[in-house]
Amino acid sequence: MLKEYKTIREVVGPLMLVEGVSGVKYSELVEIEQANGEKRMGRVLEVEGDRAMLQLFESSQGLKIDTAKARFLGRSIELNVSMDMLGRVFDGLGRPRDNGPEIIPEMRLDMNGSPINPAARDYPDEFIQTGISAIDGLNTLVRGQKLPVFSGSGLPHAQLAAQIARQARVLADDANFAVVFGAIGITFEEADFFINDFRRTGAIDRTVLFMNLANDPAIERIATPRMALTAAEYLAFEKDMHVLVILTDITNYAEALREVSAARKEVPGRRGYPGYLYTDLATMYERAGRIRGKKGSVTQIPILTMPEDDKTHPIPDLTGYITEGQIILSRELYRKGIQPPIDVMPSLSRLKDKGIGAGKTREDHAPTMNQLFAAYSRGKEAKELAVILGDAALTDLDKKYARFADAFEKEYVSQGYQTNRSIEETLNIGWKLLGMLPRSEHKRIRDAMLDKYYHPAEEA
């Protein structure tokens, strides 16, 4: 029996207070019906005694609380799921946005998901190929991992996200791979870019898109990533698919959380964000992973723009604590025309060693990765020295390293947004670049491997 109340007492922005309630649960779905039959949806945000605080999904404008009634539906927000979701575009609450039919559900799943038992988690150790050398070769993505992209305002993270969604695949089982794309608080132009890009390349056939636009309500913004993850969990753990979840932009999500927190008059934490921001982000990020006995997996790439390019801002800072590394986009490389402008030195994938090597990528992957990092680092130091003291201060070897650093950025990191490189191509480009340096400099690679792969570059 559904509970109905005509005791709506107050509406402030997206929040509504209902008194005299009983047996109401946190996160329960509520239907607000006006005298003229118009209905709006909301959810329970807080319960104290016989008072319930609701959060409306739509605007509260024009709502007449004297004649309206609140109907508590006894369930939380659920997503209708079936295999027909692939190739479809939904809004942030899982309603079709592509003028297609409603999904006939095989199941209805709570958007908050079910926590994965830590004892049942399997360790991520299988390589996912994104086709992007700076990720595959140096900061490898592993199935079941959470690897965020830290970007800045105006940097091309949208193009990078679309490229990863188009190109990503699991080498062992390509046919059973799907992408769930959650866009949070993006502009109409960005939404149009993603949808058109996926349709043009055919990637949409294996993709589920959740689009929340900048003018949609804040509460929908909070629901969008959870809806995307619910769809991913269904495909992974019910249908044995390898699912890559791309969420952009987590900063818009955190801003919506701050807006609702301010409306609730909560005591703010760092920079005005709620004190529970860490816990809230963790409830999303920790939905990535593999479960023992299940073939499927959920891998996450959350993308966030750092306000003022500040890595110590609460959103990237807390994200870094919860996730297994980060891919950082550089404004300096972007100005140089490097596409994508991935700064490989501060970027990190903590699980990369588990997903590379013989049988997964290639036997030479780990040593060449370490050697490329070391050589690029020394090349950057040589270039900085030349800026201060001039080229005359550099030794011949330093000049070779400086040339290597330039070539590394232009040939290895910069590949454009349409080039899809296999891991073999990426490793071969790495060896070609290492050929610019004398064999004696490659101290991180064993002689047997150098004999097999190393070819000195011809002097220009």
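Ionic pairing of R121 and E286 is present here: one or more N-O contacts between side-chain nitrogen and carboxylate oxygen are shorter than 4.0 angstrom. Between E33 and R71 there is a salt bridge, with a side-chain nitrogen of the basic residue lying less than 4.0 Å from a carboxylate oxygen of the acidic one. In this structure, E411 pairs ionically with K432, as a charged nitrogen and a carboxylate oxygen lie closer than 4.0 Å. For the pair D309 and R331, the salt-bridge criterion is met [side-chain N within less than 4.0 Å of a carboxylate O]. Note on R75 versus E28: no salt bridge recorded, every NZ/NE/NH1/NH2 to OD/OE distance being 4.0 Å or above.
Checking N139 against S347 by side-chain atom types alone, no donor-acceptor pair falls below 3.5 Å. A side-chain N or O of T283 and one of R226 form a donor-acceptor pair less than 3.5 Å apart. For the 3.5 Å distance criterion, the side chains of S349 and Q145 qualify, holding a donor opposite an acceptor. With 3.5 Å as the limit, one finds no donor-acceptor pair spanning the side chains of D317 and T312. Between the side chains of Y453 and E363, a donor-acceptor pair is found at a separation under 3.5 Å. For the 3.5 Å distance criterion, the side chains of T230 and R287 qualify, holding a donor opposite an acceptor. Using modelled atom types, one finds a donor on one side chain and an acceptor on the other under 3.5 Å when comparing T130 with D136. Side-chain N/O atoms of Q339 and Y334 include no donor and acceptor closer than 3.5 Å. Using a 3.5 Å distance cut-off with no hydrogens or angles, the side chains of N80 and R108 do pair a donor with an acceptor.
Atoms CD1 and CD1, from I128 and I135 in turn, are 11.0 Å apart once rounded to the nearest 0.5 Å. In this structure, the separation between CG on L141 and CD1 on I301 is 5.0 Å, given to the nearest 0.5 Å. Between the CE atom of M85 and the CE atom of M83 there is a distance of 10.5 Å, given to the nearest 0.5 Å.
A salt bridge (charged side-chain N to carboxylate O under 4.0 Å, His left out) check over residues 122-134, counting only residues at least two apart or in different chains, returns the pairs D122-R290, D125-R290, E126-R143, E126-R290. Counting only residues at least two apart or on different chains, the salt bridge (charged side-chain N to carboxylate O under 4.0 Å, His left out) pairs with a member in residues 345-362 are R362-D364.
More than 12 heavy-atom neighbours from other residues, nucleotides or ligands sit within 6.0 angstrom of CD on E424. The number of heavy atoms from other shown groups lying within 6.0 Å of CZ (F373) is above 12. Atom NZ of K410 sits in a sparse spot, with 12 or fewer heavy atoms from other residues, nucleotides or ligands closer than 6.0 Å. Within a 6.0 Å sphere centred on CZ of R271, other residues, nucleotides and ligands contribute more than 12 heavy atoms.
The ring-ring contact (aromatic ring centres under 6.0 Å, His included) check on Y412 picks up F408, with sequence neighbours excluded. When the side-chain contact (heavy atoms from CB on, under 4.5 Å) test is applied to Q415, the partners found at least two apart in sequence or on another chain are I132, S133, Q163, P340, T419, R421. With sequence neighbours excluded, no residue forms a ring-ring contact (aromatic ring centres under 6.0 Å, His included) with F150. For K25, there are no side-chain hydrogen bond (donor to acceptor under 3.5 Å, both in side chains) partners, not counting sequence neighbours. Partners of D406 under the side-chain hydrogen bond (donor to acceptor under 3.5 Å, both in side chains) rule, at least two apart in sequence or in another chain, are K383. In terms of the side-chain contact (heavy atoms from CB on, under 4.5 Å) criterion, residue partners of A165 (sequence neighbours excluded) are, by chain and number, V179, F181, F198, I246. The side-chain contact (heavy atoms from CB on, under 4.5 Å) check on P274 picks up L257, R258, S261, E266, Y276, with sequence neighbours excluded. Remark: D98 engages R88, V89, P96, R199 in a side-chain contact (heavy atoms from CB on, under 4.5 Å) (not counting sequence neighbours). Considering only residues two or more places apart in sequence or on other chains, Y273 meets the ring-ring contact (aromatic ring centres under 6.0 Å, His included) condition with H313. Remark: F90 pairs with F210 by the ring-ring contact (aromatic ring centres under 6.0 Å, His included) rule, at least two apart or across chains.
Judged purely by atom type and a 3.5 angstrom limit, E220 has no side-chain atom pairing as donor or acceptor with the backbone of N212. In this structure, the side chain of E238 does not engage the main chain of E233 through any donor-acceptor pair within 3.5 Å. Between the side chain of D192 and the backbone N or O of F188 there is no donor-acceptor pair closer than 3.5 Å. Counting only distance, with no hydrogens or angles, the side chain of H242 and the backbone of A178 share no donor-acceptor pair below 3.5 Å. Put simply, the side chain of H365 gets close to the backbone of G137: a donor and an acceptor are under 3.5 Å apart. Under a 3.5 Å cut-off, the side chain of E78 and the backbone N or O of L109 do not form any donor-acceptor pair. Counting only distance, with no hydrogens or angles, the side chain of R221 and the backbone of D216 share a donor-acceptor pair below 3.5 Å. E425 places a side-chain N or O within donor-acceptor distance of the main-chain N or O of S422, the cut-off being under 3.5 Å. Without hydrogens or angle criteria, R292 side chain to A119 main chain gives a donor-acceptor distance under 3.5 Å. Side-chain atoms of S297 never come within 3.5 Å of backbone atoms of G289 as a donor-acceptor pair (strictly under, hydrogens ignored).
Looking at heavy atoms from C-beta onward, V81 lies out of side-chain contact with E106 at the 4.5 angstrom threshold. Looking only at side-chain heavy atoms (C-beta outward), T323 and Q326 stay at 4.5 Å or farther from each other.
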Task: side chain to side chain contact (heavy atoms under 4.5 Å, CB included) assessment of R43 paired with L45 - done: CA-CA 6 Å; R43 68 164 182 159; L45 205 58; 4.0 Å; yes
Open item on the list: Pair R40, L63 - check side chain to side chain contact (heavy atoms under 4.5 Å, CB included), show working.
Closed with: CA-CA 9 Å; R40 304 186 196 193; L63 194 64; 4.0 Å; yes
TODO: Apply side chain to side chain contact (heavy atoms under 4.5 Å, CB included) to T305 and S153, showing your working.
DONE: CA-CA 6 Å; T305 48; S153 179; 5.6 Å; no
- [ ] Begin from the C-alpha positions of L277 and R270 and carry the test side chain to side chain contact (heavy atoms under 4.5 Å, CB included) through to its verdict.
- [x] CA-CA 10 Å; L277 180 62; R270 262 202 304 166; over 6 Å; no
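Nearest heavy atoms, A282 versus I322: N-CD1, 3.7 Å. Taking both residues in full, the closest heavy atoms of P124 and V142 are given as C-CG1, 3.4 Å, listed atom of the first, atom of the second, then distance. Of all heavy-atom pairs spanning V180 and A228, the tightest one is CG1-O, 3.3 Å. The heavy-atom pair separating S27 from N112 by the smallest distance is OG-ND2, 3.7 Å.
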